[in-house]
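Heads up: the structure comes next, in C-alpha cells.
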Amino acid sequence: MKLYDSLTGEKRDFAPQGDEVKMYVCGVTPYSSAHVGHAMSYVYFDTLRRYLEFLGYTVKHVQNFTDIDDKIITAADKQKTSPVMLVEELVEEYLMDMANLNIQPAHVYPRVTDEITKIVEMIEGLIEKGFAYESEGDVYYRVTKFQGYGKLSHRTLDGMMAGARVEPNLQKDHAMDFTLWKASKLGEPSWDSPWGKGRPGWHIECSAMALHYLGPHLDIHGGGQDLVFPHHENEIAQTEAFTGEAPFADHWVHNGLLQIDEGKMSKSFGKLVTVRDALAKFSSDTMRLFFLNSHYHSPLAYADESIEGQQRAAERLLTALELDASDNAGSEAVDPEPFRQRFITAMDDDLNTPQALAALFDLTREINRGNDEKKQIGSAQDTLRELTGVLGLRLYPQEEESTQSASPFVELLAEIRQELRDAKQWELADRIRDRLQALGVSLEDGAGGTKWRNRSS
RNA sequence: GGCGACGUAGCCAAGUGGUUAAGGCGAGAGUCUGCAAAACUCUUAUUCGGCGGUUCGAUUCCGCCCGUCGCCUCCA
C-alpha cells in the first residue's frame, strides 16, 4: 500500500522493517474529557491499523498518556483533587470513549510517570553528546546543534524566528531551544534527577516511550497535524540525536483537523463537543462513517446536519446485511470480488476511505438488486460484513434495552395490526404503525410478513 | 509577517491532462404496497472559486487574484 509521509511530502510504498508493524500514535494529555477531534484522529489510526491487519500484517500499536503536565496540575487544583486522581478518572473515561467508538485498544499504553528513569537516561545521553544543556535546574535541547531541525515541518530556524512570538528567555542559548526537564516549584509533583527535583518537558516522553517499546526505528508515527510542530519536530531532534540513527520513523502520518464553528476544535478555546455528547446523539457507526467519508488528510467540519446523513447511510448498509435470502430460488449469485478489489485499491492508495466506501455502497446496491432478482447473495453479504468490519463498523441492529424489553409487546401489536389489515381496517392498522413510529419502532410490511426495527437513532 | 492546506451539484465528499466528473444525504418521478416503509429504476454539476498562461486539449500543470482554514504558543 502507499501511504503519505509528512517528512518527505510524498506518498510512498509502505513496507515494515520487520515482522511486525511498529506504530506509535501520540495519545492525549488527560486533563479534560476527550472531544470529537480526538475521536476523529483515533478513528483514522484505528482504521489504518485494521486495514494493515486485514492485509496480513501484525501491528504493534503503542499509544502514550502524557500524565504529568502543567495543565493537569492546574486542572487538578481547580477541581480540588490530585493530579493522580484526575488522571485516573480521565484515562478510564478515555478508554471507555474509545471502546464506544469501536477503536481497538493499543497494545501498550505507557505513561510518562512510569518512564521517568528512561527519560532521565535519555536526557543524560543528550547532554553527553552536546545536544542539551542544564540551566538553573532546567535542561534544554540545543536546536542549533541538530542539523535538519525543521525538516518535518519544512521550516528553518530563521523562518521560525521571523514574526514568531518568542519570548526572550535568558536561560536559553537560543530562543527556539525547548525544555527537556523542568525544575519543579514547591508543592508540584516532582522526581529526582541529576539536575534536581523536576519533571519531564512535553516532547521528551514520546521519544523515550517510543524508543523503549518500539525501538529506534518506527514504521509509523502518527498524530494530528497540529503535532507536526513543535511536538514531532522535537521528537525527531531528540531521538535521532540520541540514537544517531535516522529516520526515527519511516512514515509520519498526520490527520487533518476537525473544525467547529469555523475554527479548530481545541481544548484551550473551550469550543468542543465531547465524545460523550456526540455518542449520546449518534451511533459509533454513524460517527465513523462521518469521519471516513472524508479523507483522513483533509480537514473536516463538525456539523450535526452532516452527521445525520450518515445515520441513514449506516442503516442502508445494515439493511442489506439483514436481508434473508435463504429461499431465493435463483442459482446465480452476486459476485462480490470486483467490489472487494475496488475496496482494496482505494485503501491501498493512502487509505482512501471515501472511495472504499463508495465501493461498499455499490456492493450494497448490488446485494439489494440481487435479492430482488432472487439471486444468491450470501457470499456478497459476507464480503460486505467483512469489509465494513475493516472500517470498524459494527452494523448491528439497534437494540436499546428499552426496546428489547418491549419487544414482546411490539410483536403483540404487530400481530393485532395484521389481523386488522386482514380485515381491511386500514385506519386502525395505520394508527398502530404511526404511533409505533413515533416511539422509534418502524413496521415494514413485506412479502414475507411484517418486520419491525428500532429506528430511533 | 513566514510556512502550508483547501475552494467540485441543495448539503457532505472522492477523483482524473482527453470516451459517461465516484459515493452518501436530500429532492423529484416511476415500480412495488391497501396506503406506507424498505428496496429497485430514472432524474438532480455541458461543469469543477475568478482571471490569465502552458497544451492539439485542463476541473486536473503553472502564475496571479478572491475566499476559507491551519501551523508558527498548549492542542489529536
Side-chain angles (χ1 to χ4, degrees), chain A residues 9 25-29 31 34-45 63 66 69-71 150 153-156 158-167 176 202 222-231 233 254-259 262-269 272 289-290 292-295 297-301 303 305-317 319-320 322-323 342 346 349 352-362 364-365 367-373 421 424-427 429-430 433-434 437 442-447 450-453 455:
Chain A
V25 180
C26 281
V28 294
T29 300
Y31 70 95
H35 58 68
V36 285
H38 298 119
M40 176 170 93
S41 181
Y42 297 128
V43 161
Y44 288 143
F45 284 102
Q63 185 169 329
T66 298
D69 170 275
D70 287 351
K71 290 191 292 298
S153 51
H154 303 111
R155 44 187 104 182
T156 60
D158 288 347
M160 285 181 237
M161 295 305 292
R165 283 168 288 168
V166 181
E167 289 175 27
M176 295 307 293
W202 175 36
Q225 257 162 12
D226 51 354
L227 295 182
V228 172
F229 189 89
H231 187 58
E233 191 70 60
H254 293 105
N255 62 273
L257 302 178
L258 191 67
Q259 317 288 317
E262 294 176 3
K264 189 183 66 167
M265 184 167 305
S266 159
K267 286 188 186 179
S268 39
F269 296 132
L272 54 80
L289 280 172
F290 170 64
L292 297 172
N293 184 45
S294 159
H295 189 88
H297 210 252
S298 308
L300 182 63
E305 310 82 72
S306 305
I307 304 170
E308 277 157 14
Q310 298 306 323
Q311 195 168 298
R312 289 303 322 269
E315 283 170 13
R316 180 172 166 75
L317 295 170
T319 303
E322 285 185 318
L323 288 175
R342 276 175 60 195
D349 183 15
N352 192 330
T353 52
Q355 276 204 330
L357 277 171
L360 297 187
F361 281 108
D362 284 344
T364 298
R365 173 173 293 108
I367 289 171
N368 287 326
R369 193 185 332 201
N371 186 50
D372 286 353
E373 294 167 358
R421 292 181 69 218
K424 302 205 188 304
Q425 301 270 338
W426 309 126
E427 210 171 302
D430 289 353
R433 185 174 60 196
D434 292 347
Q437 180 71 46
S442 292
L443 294 185
E444 298 176 4
D445 303 324
T450 299
K451 284 183 183 167
W452 69 273
R453 57 171 36 143
R455 291 285 198 202

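Proteins come first, then strands; the chains are lettered A, B, ... in the order of their sequence lines, and each starts at number 1. What you see is a predicted model; the values in this text were computed from it and never measured. What you see below is based on every heavy atom in this structure, not just the backbone, and it leaves out hydrogens, waters and symmetry mates.
A heavy-atom distance below 4.5 Å is found between the side chains of A/Ser294 and A/Tyr44.
The C1' atoms of B/U55 and B/C12 are separated by 34 Å, rounded to the nearest whole Å. Spacing of P atoms, B/A76 relative to B/U59, comes out at 42 Å, to the nearest Å. Look at the P atom in both B/U44 and B/G24: the space between them is 15 Å, to the nearest Å. Across B/G28 and B/A38, the matching P atoms stand 13 Å from one another, rounded to whole Å. The separation of B/U47 from B/G4, taken at their P atoms, amounts to 33 Å, rounded to a whole angstrom. B/G23 and B/U41: their P atoms are spaced 11 Å apart (whole Å). With both ends at atom P, the span from B/A9 to B/C66 equals 22 Å, rounded to whole Å. Comparing the C1' positions of B/G26 and B/G18 gives an interatomic distance of 33 Å, to the nearest angstrom.
Nearest-nucleotide positions on RNA chain B place A/Ser294 closer to the 5' end than the other of A/Ser294 and A/Ala313. In terms of position along RNA chain B, the nucleotide closest to A/Phe229 lies nearer the 5' end than the nucleotide closest to the other residue of the pair A/Phe229 and A/Asn255.
Rounded to a whole Å, the CD atom of A/Gln225 is 11 Å from the C1' atom of B/A76. For the pair A/Asp349 CG and B/G15 P, the interatomic distance rounds to 7 Å; values are reported in whole Å. Following rounding to the nearest Å, A/Leu258 (CG) and B/C12 (C1') show an atom-to-atom distance of 13 Å. B/C72 atom C1' lies 12 Å from atom CD of A/Glu233, rounded to whole Å. Regarding A/Ile367, its CD1 atom lies at a distance of 13 Å from the C1' atom of B/A39, rounded to whole Å. Nucleotide B/G15 holds its C1' atom 12 Å from the CZ atom of A/Arg342, rounded to whole Å. If you take CD of A/Glu305 and P of B/C11, they are 12 Å apart, rounded to a whole angstrom. The distance from atom CE of A/Met160 to atom C1' of B/C71 is 11 Å, rounded to the nearest whole Å.
Residue contacts for A/Asp69: at a heavy-atom cut-off of 4.0 Å it reaches no nucleic acid atom on any strand shown. Using a 4.0 Å heavy-atom distance criterion, A/Phe45 is classed as making no nucleic acid contact. Backbone-only engagement by A/Asp362 is indicated by non-hydrogen atom pairs under 4.0 Å involving sugar-phosphate atoms exclusively.
For A/Leu300, whose side chain is taken as the heavy atoms from C-beta onward, the closest listed nucleotide among B/G23, B/A76, B/C12 is B/C12. Listed nucleotides B/A22, B/G24, B/U41 differ in distance to A/Arg316; the shortest reach to its side chain belongs to B/G24. When distances are taken from the side chain of A/Ala358 to each of B/A14, B/G23, B/C74, the shortest belongs to B/G23. Residue A/Gln310 has its side chain nearest to B/G24 when only B/A76, B/C40, B/G24 are considered. In this structure, of B/A76, B/A38, B/A14, it is B/A14 that holds the atom nearest to the side chain of A/His295. Residue A/Thr319 places its side chain closer to B/A39 than to any other of B/A22, B/A39, B/A76. Considering only the side chain of A/Gln259, B/G70 comes nearest among B/C40, B/A14, B/G70.
Pair assignment for B/A5 gives B/U68, based on Watson-Crick or G-U wobble hydrogen-bonding distances that are each under 3.5 Å. Here B/U31 sits opposite B/A39 as a Watson-Crick or G-U wobble pair (both hydrogen-bonding atom distances under 3.5 Å). Nucleotide B/U73 is matched to nothing when pairs are restricted to Watson-Crick or G-U wobble geometry with both distances under 3.5 angstrom. Both distances falling under 3.5 Å, in either a Watson-Crick or a G-U wobble arrangement, occur for no nucleotide opposite B/U54. Using N1 to N3 plus N6-O4 or O6-N4 for Watson-Crick, or N1-O2 and O6-N3 for G-U wobble, each under 3.5 Å, B/U44 pairs with B/G26. The partner of B/U20 cannot be assigned: no Watson-Crick or G-U wobble pair with both contacts below 3.5 Å exists in any strand. Across all strands shown, B/U60 forms no Watson-Crick or G-U wobble pair with both distances under 3.5 Å.
Dashed line: the shortest gap from a side-chain N or O of A/Asn293 to OP1 or OP2 of B/A13 is not under 4.0 Å. In this structure, A/Arg312 reaches the B/A38 phosphate: one of its side-chain N or O atoms is under 4.0 Å from OP1 or OP2. For A/Arg365, no side-chain nitrogen or oxygen approaches OP1 or OP2 of B/A38 to under 4.0 Å.
Salt-bridge annotation for A/Asp372 and A/Arg369: absent, with no side-chain N of the basic residue lying under 4.0 Å from a carboxylate O of the acidic one. Using a cutoff of 4.0 Å between basic side-chain nitrogens and carboxylate oxygens, A/Lys451 and A/Glu322 are not scored as salt-bridged.
Taking CH2 of A/Trp426 as the reference point, atom CZ of A/Arg421 lies at 6.0 Å (rounded to 0.5 Å). Atoms NE2 and CD, from A/His154 and A/Glu233 in turn, are 8.5 Å apart once rounded to the nearest 0.5 Å. Residue A/Leu227 holds its CG atom at 8.0 Å from OG of A/Ser41, rounded to the nearest 0.5 Å. Remark: A/Leu357 CG to A/Leu317 CG distance equals 7.5 Å, nearest 0.5 Å. Atom CZ in A/Arg312 sits 9.0 Å away from atom CZ in A/Arg316 (nearest 0.5 Å). A distance of 13.0 Å separates NE2 in A/His231 from OG in A/Ser153, rounded to the nearest 0.5 Å.
A donor-acceptor pair under 3.5 Å is formed between the side chain of A/Asn352 and the backbone N or O of A/Gln355.
Below 30°, between 30° and 60°, or above 60°: for A/His38 and A/Tyr42 the angle between ring planes is below 30°, a parallel geometry.
Across all non-hydrogen atoms, the minimal contact from A/Met160 to A/Gly150 is CE-CA, 4.3 Å. The nearest pair of heavy atoms linking A/Leu258 to A/Ala301 is CD1-C, 4.4 Å.
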In B/S/- notation (B base, S sugar-phosphate only, - none; protein heavy atoms under 4.0 Å), nucleotides 27-36 of chain B written 5' to 3' is -------BBB
With B for base contact, S for sugar-phosphate-only contact and - for none (protein heavy atoms under 4.0 Å), nucleotides 2-7 of chain B reads -S----
